[in-house]
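One structure below.
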Number of protein chains: 2
Amino acid sequence: MQSVWEAVADPHRRKILSLLKGGEMSVSDIHAHFDFSGATLSHHLGKLKAAGLVVTRRKGQQIIYGVHMSVFEEAAQTVSDLFRREEGSS
Amino acid sequence: MQSVWEAVADPHRRKILSLLKGGEMSVSDIHAHFDFSGATLSHHLGKLKAAGLVVTRRKGQQIIYGVHMSVFEEAAQTVSDLFRREEGSS
DNA sequence: TAGACATTTAGATAATTCTCTAAATATTGA
DNA sequence: TCAATATTTAGAGAATTATCTAAATGTCTA
């Protein structure tokens with residue numbers, strides 16, 4: 001599994017996550033927000049999926065992406081751990 | 001300025017930040033925790049500095065690195081923004 | 001001032017990443 | 001079943017990154 005840190009290092013992927021936080025979207029819905037090719041989008045979605053940050057389901061011809069909440073919240077914990085100021089260091 | 005996201009994408013750099021959260025350290029102090037060359041360490045420190053996450057001062061022959069608290073806390077906000085669940089979405 | 005120590009810079013290489021086009025796969029509807 | 005639509009995979013090229021050794025820079029002490 002790819003690290004969450006690497007997954008969110010790319011601005012396009014952070015934008016995808018922000019979009020998905022607003023609710024599930026199909027690949028073409030997401031694609032409407034970007035200029036690059038579908039193959040490139042697929043590459044980014046693959047990285048997010050490898051990090052476990054998103055989940056997919058099929059709906060007819062479309063694949064619907066959504067944030068994987070449990071992993072997302074774990075990730076929130078991980079990142080806030082790095083950035084939390086040392087405790088008890090008055 | 002390099003993005004905080006890219007700066008923390010690398011595990012070595014995250015380890016450096018964790019070390020520095022415990023207090024200021026010289027380059028050689030930091031180096032003692034890693035296996036790679038001094039030049040490589042310098043490269044990583046440069047990235048952290050470009051992101052504004054660390055500050056330096058000279059103390060004789062040594063350069064002392066420390067976390068740049070204001071930028072660090074801004075970064076904490078930035079990352080928690082991405083990972084915060086949508087508000088008011090009951 | 002010369003030599004030693006600490007760190008950074010320069011220049012090179014290997015690995016990874018982002019992007020593309022073209023082809024493959026999966027599903028739907030006629 | 002065929003053609004259209006949606007997405008992913010394959011393969012390749014350009015850019016970036018992590019790493020190294022060697023050289024340069026800055027500071028201290030004898």
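Within every chain, numbering begins at 1; the chains are lettered A, B, ... in the order of the sequence lines, protein sequences first and strands thereafter.
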Please name all residues satisfying salt bridge (charged side-chain N to carboxylate O under 4.0 Å, His left out) with A/Arg58, sequence neighbours left out, ordered by chain then number.
none
Can you sort out the partners of A/His68 under side chain to side chain donor-acceptor pair (under 3.5 Å), two or more places apart, ordered by chain and number?
A/Ser70
Please, which pairs that meet salt bridge (Lys or Arg N to Asp or Glu O under 4.0 Å) have at least one residue in residues 2-13 of chain B, sequence neighbours excluded?
none
According to ring pair (Phe, Tyr, Trp, His ring centres under 6.0 Å), who are the partners of B/His31, at least two apart in sequence or on a separate chain?
none
Between the protein and nucleotides 17-21 of chain D, are there any N/O to N/O pairs under 3.5 Å, and if so, what are the atom names and distances?
from	atom 1	to	atom 2	distance (Å)
D/dA18	OP1	B/Asp10	OD2	3.4
D/dA18	OP1	B/Arg13	NH1	3.3
D/dA18	OP1	B/Arg13	NH2	3.3
D/dA18	OP2	B/Arg13	NH1	3.2
D/dA18	OP2	B/His43	NE2	3.0
D/dT19	OP1	B/His12	NE2	3.2
D/dT19	OP2	B/His44	NE2	2.5
D/dC20	OP2	B/Ser37	N	2.8
D/dC20	OP2	B/Ser37	OG	3.1
D/dC20	OP2	B/Thr40	OG1	2.7

Is it true that the side chains of B/Thr56 and B/Lys49 contain a donor and an acceptor less than 3.5 Å apart?
yes
Separation of D/dT8 atom P from A/His31 atom NE2, nearest Å, is 11 Å
Qualifying salt bridge (Lys or Arg N to Asp or Glu O under 4.0 Å) pairs, either residue in residues 24-33 of chain B, two or more places apart
B/Glu24-B/Arg57
A/Tyr65: which residues meet the ring pair (Phe, Tyr, Trp, His ring centres under 6.0 Å) condition with it, sequence neighbours left out?
none
Can you give one letter per nucleotide of nucleotides 23-30 of chain D, 5' to 3': B if a protein heavy atom sits under 4.0 Å from the base, S if only from the sugar-phosphate, - if neither?
---SBS--
Does anyone know the first and last nucleotide of DNA chain C in reach of chain B, 5' to 3', at under 4.0 angstrom to a heavy atom?
C/dC5 to C/dT9
Mind checking ring pair (Phe, Tyr, Trp, His ring centres under 6.0 Å) for A/His12 and listing every partner two or more places apart, or none if nothing turns up?
A/Phe34, A/Phe36, A/His44
Across the strands shown, which category fits A/Phe34 at heavy-atom distances under 4.0 angstrom: base, sugar-phosphate, nothing?
nothing
Once salt bridge (charged side-chain N to carboxylate O under 4.0 Å, His left out) is applied, do any residues pair with A/Glu74, and if so which ones, sequence neighbours excluded?
none
Not counting sequence neighbours, list each pair that qualifies as a salt bridge (Lys or Arg N to Asp or Glu O under 4.0 Å) and has a residue in residues 32-48 of chain B.
none
Mind checking if A/Ser42 touches a base, just sugar-phosphate, or nothing, with heavy atoms under 4.0 Å?
base
Rounding to an integer number of Å, can you tell me how far A/Met25 CE sits from D/dA6 P?
15 Å
